[in-house]
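What follows is one structure encoded as structure tokens, with my remarks underneath.
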Amino acid sequence: MATARPDDPGALAFAGEERELHDSIRRHYDGLIDLYEELWGEHIHHGYWDPGVPAGRHAAQARMVDEVAAFGGLARECRVADLGCGIGATGIHLAGKLGCRVDGVTLSVAQVRRGRQKVRQAGAVGQVEFVLADALRTPLAEGSYDVVWSLESCELMPDKLAFLREGLRLLKPGGQLVVATWCSRDAALTPQETTLLRRIYRDFAAAYVLPLDAYRTLCGEAGFEAIDTADWTEQARATWNLSVDIVKPFVRNASFIWRLVREKGTDTFRFLNSVPLMKRAYDQGLMHYGVFRARRPAA
Ligand code: SAH
């Protein structure tokens, strides 16, 4: 159990300033946009594997979208608010497969630009749109979405309850929230685990994670009903074995690193370095992959 100082909120709370967090999120996603796409591909999230069954990383990332969509019970042609939308890969996928209309929200202007370009290339203009805004206070219309979707953005939100309340506000009565997010194993962390999580937060510009169970309580507090959770750690963990292999040649190439640091600043180096940290957090059983769904009560 962590022996935190009385003034130390530990690793399962947000300790900083929201403005600084947003600045570092913008620096992270604006600055690393090319590298993310080059190394990770268009989806900025874990893959989903049947444990022990090999599959390519990009196929596993697309499968994750399908699995979250199935878990969230997305119907054909539903309207989706994608809070923390990256470069729109989810929106384009859902528009193509299910005919959804998707409004994506991101803090990164570079992601909005790249997303719009990708939507044009995919022939999905009018089906997938982007808004540069804070997901905690979006300009999107109240009560106008069948689904509020968050795929690996909740860990970046400094106020989880405000995030869930904004989700509730956007949903039509009876609408569905579905979230996939990094979680801690539980709330009883050792000092070493706290330190590891904090390094991960810094390197990925994340706010903090919570145990999956905590979201059950928070969803209830926000006013949701029919709350369900599932732990997909075993389905997602292969992401980090593959990622470590992907970044290894880059990290070992000193001239590549220096060029990147000169061009993009030290955040880039941190980002590459953070990949083995995530693998360690999974290997130690500290990091879990959680999904939850909840319904806005019918009027
Ligand atoms: N869901 C996407 C991207 C995940 S990366 C995918 O799976 O590909 C995290 C995303 O959350 C980034 O687009 C980042 O800009 C966004 N984000 C983080 N905090 C946010 C906030 N407060 N408001 C809006 N977007 C935010």
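Numbers here simply count residues along the sequence, with the first being 1. Counting starts at 1 for both ligands and their atoms, following the listed order. No experiment lies behind these values; they were computed from the predicted model shown. Computed from heavy atoms alone, side chains included, the values below leave out hydrogens, waters and symmetry copies.
Residue-environment remark: CZ (Arg199) stays at or below the threshold of 12 foreign heavy atoms within 6.0 Å. Within a 6.0 Å sphere centred on CD of Gln121, heavy atoms belonging to other residues, nucleotides or ligands number more than 12.
When only interatomic distances are considered, the shortest N/O to N/O separation between Ile25 and ligand 1 does not fall below 3.5 Å. For ligand 1, the polar-atom distance check finds no N/O of Leu136 at less than 3.5 Å from any of the ligand's N/O atoms. For Thr106, a nitrogen or oxygen atom sits less than 3.5 Å from a nitrogen or oxygen atom of ligand 1, counting backbone and side chain alike. Considering backbone and side-chain atoms together, Asp134 places an N or O closer than 3.5 Å to an N or O of ligand 1.
The only option from Met64, Arg237, Gln235 that meets the side-chain contact (heavy atoms from CB on, under 4.5 Å) definition with His46 turns out to be Met64. For the salt bridge (Lys or Arg N to Asp or Glu O under 4.0 Å) test with Asp146, the passing option among Arg101, Arg79, Lys172 is Lys172; the others fail.
Taking every heavy atom of Leu156 and a limit of under 4.0 angstrom, the matching atoms of ligand 1 come to 9 (C), 11 (O), 18 (C), 19 (N). Close approach to Ile44 involves these atoms of ligand 1, each under 4.0 Å from a residue heavy atom: 4 (C), 5 (S), 6 (C), 7 (O), 8 (O). Every atom of ligand 1 is numbered from 1 in the order shown, and the set under 4.0 Å from a heavy atom of Ala135 is 21 (C), 22 (N), 23 (N), 24 (C). Distances below 4.0 Å separate heavy atoms of Glu152 from the following atoms of ligand 1: 4 (C), 5 (S), 9 (C). Close approach of ligand 1 to Ser153 (heavy-atom distance below 4.0 Å) involves ligand atoms 11 (O). Counting the atoms of ligand 1 from 1 in the order shown, those under 4.0 Å from a heavy atom of His22 are 22 (N).
Residue-level proximity to ligand 1 for Cys85 is carried by the backbone, the only part with a heavy atom below 4.0 angstrom. The parts of Leu151 lying near ligand 1 are both backbone and side chain, judged by heavy-atom distances below 4.0 Å. At a 4.0 Å heavy-atom cut-off, ligand 1 touches Ala133 through the backbone alone.
Taking the ring centre of Phe14 as origin, the terminal cationic atom of Lys160 falls outside the region bounded by 6.0 Å and 45° from the ring axis.
Contact check for Tyr145 versus Leu140: side-chain heavy atoms found under the 4.5 Å cut-off. The shortest side-chain heavy-atom distance between Arg165 and Leu136 does not fall under the 4.5 Å cut-off. Using a 4.5 Å heavy-atom cutoff, the side chains of Ile87 and Glu37 are in contact. The closest side-chain heavy-atom distance from His45 to Gln61 is below 4.5 Å.
A salt bridge does not link Asp66 with Arg63: none of the charged nitrogens is closer than 4.0 Å to a carboxylate oxygen.
Using 4.0 Å as the threshold, Ala89 has no heavy atom nearer than that to any atom of ligand 1. A heavy-atom separation below 4.0 Å is not found between Arg26 and ligand 1.
Nearest protein neighbour of atom 13 (O) of ligand 1, counting heavy atoms only, is Gln111 OE1, 2.6 Å. The nearest heavy-atom contact from the protein to atom 7 (O) of ligand 1 is His45 CD2, 2.9 Å. At the top of the distance list for atom 11 (O) of ligand 1, counting protein heavy atoms only, stands Gly84 CA, 3.3 Å. Nearest protein heavy-atom neighbour of atom 5 (S) of ligand 1: Tyr29 OH, 3.5 Å.
Between Trp232 and Tyr289, the two ring planes are parallel [angle under 30°; tilted spans 30° to 60°].
Looking only at distances, a side-chain donor or acceptor of Thr194 sits under 3.5 Å from a matching main-chain atom of Thr190.
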